[in-house]
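Taking it in order: structure first as structure tokens, then the write-up.
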Amino acid sequence: MRKTGNMIDQATIDRILDAAQIVDVVSDFVTLRKRGVNYVGLCPFHNEKTPSFSVSPAKGLCKCFSCGKGGNAVHFIMEHEQLTYYEALKFLAKKYHIEVKERELSQEEKQAQNVRESMFVVNNFARDYFCNILRNHADGRSIGLAYFRQRGFRDDTIQKFQLGFSINERDAFSKEAQKKGFKKEFLLKTGLAYETEEGKMRDRFWGRVIFPVHTLSGKVVAFGGRILGTDNKKLAKYVNSPESEIYHKSSELYGIYFAKQAIVKQDRCFLVEGYTDVISMHQSGIENVVSSSGTSLTPGQIRLIHRFTNNITVLYDGDKAGIKASIRGIDMLLEEGMHIKVVLLPDGEDPDSFARKHNATDFQNYITAHEVDFIRFKTDLLLDEAGKDPLKRAELINDIVRSISVIPEAIVRSVYIKECSQLLHVEEKLLVAEIAKLIANQKEKGYQASQSSPQTLTTPAENGQPTPPHRDEYQSYIPQEGKEKHEFYQAERLIIQALIRHGEKVICKVEGEEGERDFTVIEYIDNDLKEDDLSFHHKQHRQILKEALEHLKDEGFVAHRYFLAHPDPEISRLSADLIDNRYQLSKYHSKTQTLVSEAERLVELVPMLMVNFKSAIVTEEVRHLRQALQDPAVVNDEEKCNNVMKRYMEMREIQNTMARRLGDRVVLPS
């Protein structure tokens with residue numbers, strides 16, 4: 001496998017960060033709505049029905065106030081696309097047409113290249129290989145291209161969806177890939193090839209037309225292959241890439257990369273079954289369409305759609321057996337609060353064939369005229385099947401009641417209850433009672449699950465909706481190193497917060513060898529620690545202070561910019577978290593609701609933080625000494641007891657002195 005051996009230089013990183021506007025970046029993946037000076041949307045990192053994902057254009061940061069994930073544009077792309085720091089920077093550089101200047105990697109850095117990156121590189125090679133075979137190989141043109149054109153696909157559509165062909169030789173692709181230097185390990189990991197019992201490499205997609213599957217950002221994550229010959233009945237019509245480190249079928253939707261902008265624009269997503277359905281509808285002019293790739297919908301796929309719209313229309317052909325099998329999964333859409341419509345196409349038609357016969361206007365007109373609310377559609381379908389059989393009708397009523405019970409909005413449930421009462425000729429109060437019973441059972445199960453799990457994520461709220469768990473100001477980001485619950489660690493973190501936010505700013509003047517000079521926040525913190533021979537407890541905090549001192553004199557050094565762009569993603573994430581929320585009410589002035597800017601109070605703030613830190617350390621030692629004085633081994637040893645008592649009295653005196661210095665606490669960073 002040939003790998004890149006470079007890293008991006010700091011000047012290029014700065015240009016990327018300057019260009020990458022957080023709202024612009026996040027909007028590619030999440031539908032945002034303006035709320036005051038910020039924007040909000042559904043969090044892309046966890047399942048939620050009420051938006052808690054906030055984006056601040058002024059700060060260049062995003063944050064989910066439920067799951068806690070966020071950061072700047074680079075952190076968002078890292079988390080969303082599961083990329084490394086440098087992959088995310090390259091992603092943004094490509095988006096904003098910035099030339100990436102790189103430096104040579106060390107040997108150790110080369111060896112640390114991500115397996116995921118290698119798998120994506122192999123997939124890109126495979127896509128290009130299959131596309132080239134389709135266009136330039138004799139069999140590709142006469143078999144693969146002929147098939148696509150027979151399906152009515154134009155050449156520009158074939159190129160847009162990157163369709164390809166694999167020739168009818170069992171190891172042609174594997175041989176070519178290995179010849180080009182791609183490792184066998186990654187051909188097997190991606191599922192592009194498999195190994196026989198005899199140790200021979202075999203292509204998974206030989207003799208098939210190829211449909212690449214793209215992630216939300218356009219990366220090729222998997223492939224689907226359709227066989228064209230029908231001689232061998234044992235061969236499956238479609239073969240898909242297996243699950244891998246980069247591909248989880250339950251979280252991907254075919255066509256989402258090409259559809260996301262149209263879904264937002266139309267505020268609606270069409271859901272179909274197969275690859276060709278998506279492609280034909282795109283070609284006819286309807287681009288807000290995705291496919292579940294022949295499987296029932298999964299929660300991950302639903303969340304993917306829900307990021308862009310609340311409205312989904314499911315397109316069915318006339319096969320009732322297929323419809324019955326698939327509608328079971330659609331109840332999950334109701335549970336997610338989605339608004340669902342269903343369109344039944346004419347007998348003998350599927351979205352692919354219907355799209356080929358109609359332009360976008362005619363297709364849209366048909367949908368408008370024939371779309372039905374899902375609950376009504378399901379009721380009519382089951383009523384038709386139940387006929388006059390009382391047992392089947394009772395089963396039908398239970399089925400519909402279960403569907404309505406999962407709808408989160410009480411008003412929507414009420415409307416459906418009224419409508420179904422009329423359709424099913426059942427008293428409304430009976431339906432209400434049954435649904436209430438099911439909802440109560442669901443809540444009970446949810447409560448029991450939360451009690452049995454130590455990691456409950458929600459607590460009851462007055463409006464009946466889940467709310468984020470209480471998080472104190474230190475819990476949004478705390479590296480685990482064993483001391484995190486101690487007060488001195490929390491005080492230490494506040495010092496680091498002040499350093500990152502204001503490190504290069506002048507706090508006072510001091511006398512030096514060449515006369516009076518400016519003394520920065522960074523220097524004050526370092527000098528104050530050295531006076532008492534102290535250092536920070538957490539290694540990341542120590543590294544931040546060390547690098548801040550090293551780069552303080554660099555031209556144009558700004559602490560928050562430097563650490564936001566830090567190559568260690570944990571440090572850059574910590575920095576993003578600490579930069580957020582620049583104001584906090586003083587604990588002792590909360591009644592007056594006075595907001596004070598940190599930058600205006602640095603001369604008071606930083607010394608106060610240092611005293612807090614030292615006081616917390618002394619308090620911790622006093623606690624340990626008090627415990628020691630209760631230890632029989634110490635109490636019964638006069639010398640030990642006297643030494644501990646002496647040290648205890650010294651620490652208590654220091655503690656009292658610090659308490660007097662602390663006095664009334666002023667504004668602290670949040």
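Both backbone and side-chain heavy atoms feed into the values below; hydrogens, waters and symmetry mates do not.
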**Asked** With sequence neighbours excluded, what pairs up with K95 under the salt bridge (Lys or Arg N to Asp or Glu O under 4.0 Å) test?
**Response** D24, D28
**Item:** Short side-chain donor-acceptor distance under 3.5 Å, E547 and Y562
**Value:** yes
**Prompt:** Where is the tightest heavy-atom contact between F308 and D267, given as atom of each residue plus distance?
**Reply:** O-OD1, 4.4 Å
**Asked** Is the NZ or CZ atom of K180 both under 6.0 Å from the centre of the six-membered ring of F125 and within 45° of that ring's axis?
**Response** no
**Message:** Which heavy atom of P607 sits nearest to which heavy atom of E604, and what is that distance?
**Reply:** CD-O, 3.6 Å
**Request:** May I ask you to check whether F130 and F223 place their ring centers less than 6.0 Å from one another?
**Result:** yes
**Item:** Nearest heavy-atom neighbours spanning K189 and M119
**Value:** O-CE, 3.5 Å
**Prompt:** Mind checking whether H214 and F258 have ring centres under 6.0 Å apart?
**Reply:** yes
**Request:** Start with the C-alpha gap between F76 and F45, add the side-chain angles, then the distance that decides, and say whether ring pair (Phe, Tyr, Trp, His ring centres under 6.0 Å) holds.
**Result:** CA-CA 10 Å; F76 177 84; F45 305 123; 5.7 Å; yes
**Request:** Inspect the contact between R561 and D18 and indicate whether a charged nitrogen and a carboxylate oxygen are less than 4.0 angstrom apart.
**Result:** yes
**Request:** Taking side chain to side chain donor-acceptor pair (under 3.5 Å) as the test, write out the residues that go with Q261, two or more places apart.
**Result:** none
**Request:** May I ask you to check whether H537 and E492 show a side-chain donor-acceptor distance below 3.5 Å?
**Result:** yes
**Request:** Verify side chain to side chain contact (heavy atoms under 4.5 Å, CB included) between I246 and F120, making sure each step is shown before the conclusion.
**Result:** CA-CA 8 Å; I246 62 171; F120 278 121; 3.9 Å; yes
